[in-house]
Amino acid sequence: MSAIKKFQVTFDCAEPGRVARFWCEVLGYVMPPPPEGFDTWDDFNSAQPPERRDAWSACADPSGEGPRLYFQRVPEGKAVKNRVHLDVRVGTGLVGAERLAALEAECARLVALGATHVCTLYADEENESCIPMQDIEGNEFCID
């Protein structure tokens, strides 16, 4: 049996630093320290040629448990629905009205950070409620 591998999730985006800061707020992640030899990320970016400034950013789970998120600048905008998305688990173990209240509270917090509320999918006979959303550059994710 092969060993479990660590992985990161990579986002193509227009403004990597801005999107990384958004996801730090969503997940409670932190920005990594700047590369060795630089006191700040601004110092690092200033030392890069213009075409490489703010070309990438990242954020990580401070506990080291969750995957690293990596954000890379690409020239094209988002054109179609994501084939993969993150589910941010805020209602785990909750059901019914209690779950919906937790999801709605988190939705309001994320909208204040710049996310877009797409719709609310209410519980039915098979599924609990969840809320599809978009991050600040239109990448889909769900809170569930």
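Hydrogens, waters and symmetry mates are skipped; everything else that's a heavy atom, side chains included, is used.
- At a threshold of 4.5 Å between non-hydrogen side-chain atoms, the residues C59 and Y70 do not count as touching.
- Across every non-hydrogen atom of K6 and E65, the tightest pair is NZ-O, 4.5 Å.
- Grouping Ile, Leu, Val, Met, Phe, Trp and Tyr residues whose side-chain heavy atoms lie under 4.5 Å apart, directly or via other members, places Y122 in a hydrophobic cluster with L100.
- Of the charged side-chain nitrogens involved, at least one lies within less than 4.0 Å of a carboxylate oxygen, so that R89 and D144 count as a salt-bridged pair.
- Considering all non-hydrogen atoms of both residues, M31 and S57 come closest at CE-OG, 3.2 Å.
- Atom CZ of R52 has 12 or fewer heavy atoms from other residues, nucleotides or ligands within 6.0 Å.
- The two residues G96 and E128 come nearest to each other via the heavy atoms N-OE1, 3.4 Å.
- Of the inter-residue distances, the one linking Q48 atom CD with W56 atom CH2 reads 9.0 Å to the nearest 0.5 angstrom.
- Clustering of Ile, Leu, Val, Met, Phe, Trp and Tyr by side-chain heavy atoms under 4.5 Å joins V90 with F7, V9, F11, V19, F22, W23, V26, L27, Y29, L69, F71, L86, V88, L103, L110, V111, L113, I131, M133, I136, F141, I143.
- The side-chain heavy atoms of V84 and N82, taken from C-beta on, include no pair separated by under 4.5 Å.
- The distance from the CG atom of D135 to the CG atom of N139 is 4.0 Å, given to the nearest 0.5 Å.
- Judged by distance alone, the side chain of W41 and the main-chain N or O of P35 form no donor-acceptor pair under 3.5 Å.
- Side-chain N or O atoms of N45 include one that pairs as donor or acceptor with a backbone N or O of D54 at under 3.5 Å.
- Minimum heavy-atom separation, L121 to P132: CD1-CG, 3.8 Å.
- Proximity of P16 to R73: side-chain heavy atoms (C-beta onward) are separated by under 4.5 Å at one or more points.
- The ring pair (Phe, Tyr, Trp, His ring centres under 6.0 Å) pairs that include a residue from residues 78-99 number zero, where partners must be two or more places apart or lie in different chains.
- For the atom pair NE2 (H117) and CD (Q134), the distance works out to 11.0 Å, reported to the nearest 0.5 Å.
- Using a 4.5 Å heavy-atom cutoff, the side chains of E140 and K78 are in contact.
- Taking all atoms of both residues into account, the shortest heavy-atom contact from Q8 to R68 is OE1-NH1, 2.6 Å.
- Looking only at atom types and distance, the side chain of D42 has no donor-acceptor partner in the side chain of T40 under 3.5 Å away.
- Of all heavy-atom pairs spanning P62 and G28, the tightest one is CD-O, 3.5 Å.
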**Study point:** Step-by-step side-chain hydrogen bond (donor to acceptor under 3.5 Å, both in side chains) determination, Q72 to D12
**Key:** CA-CA 5 Å; Q72 61 188 5; D12 291 347; 2.7 Å; yes
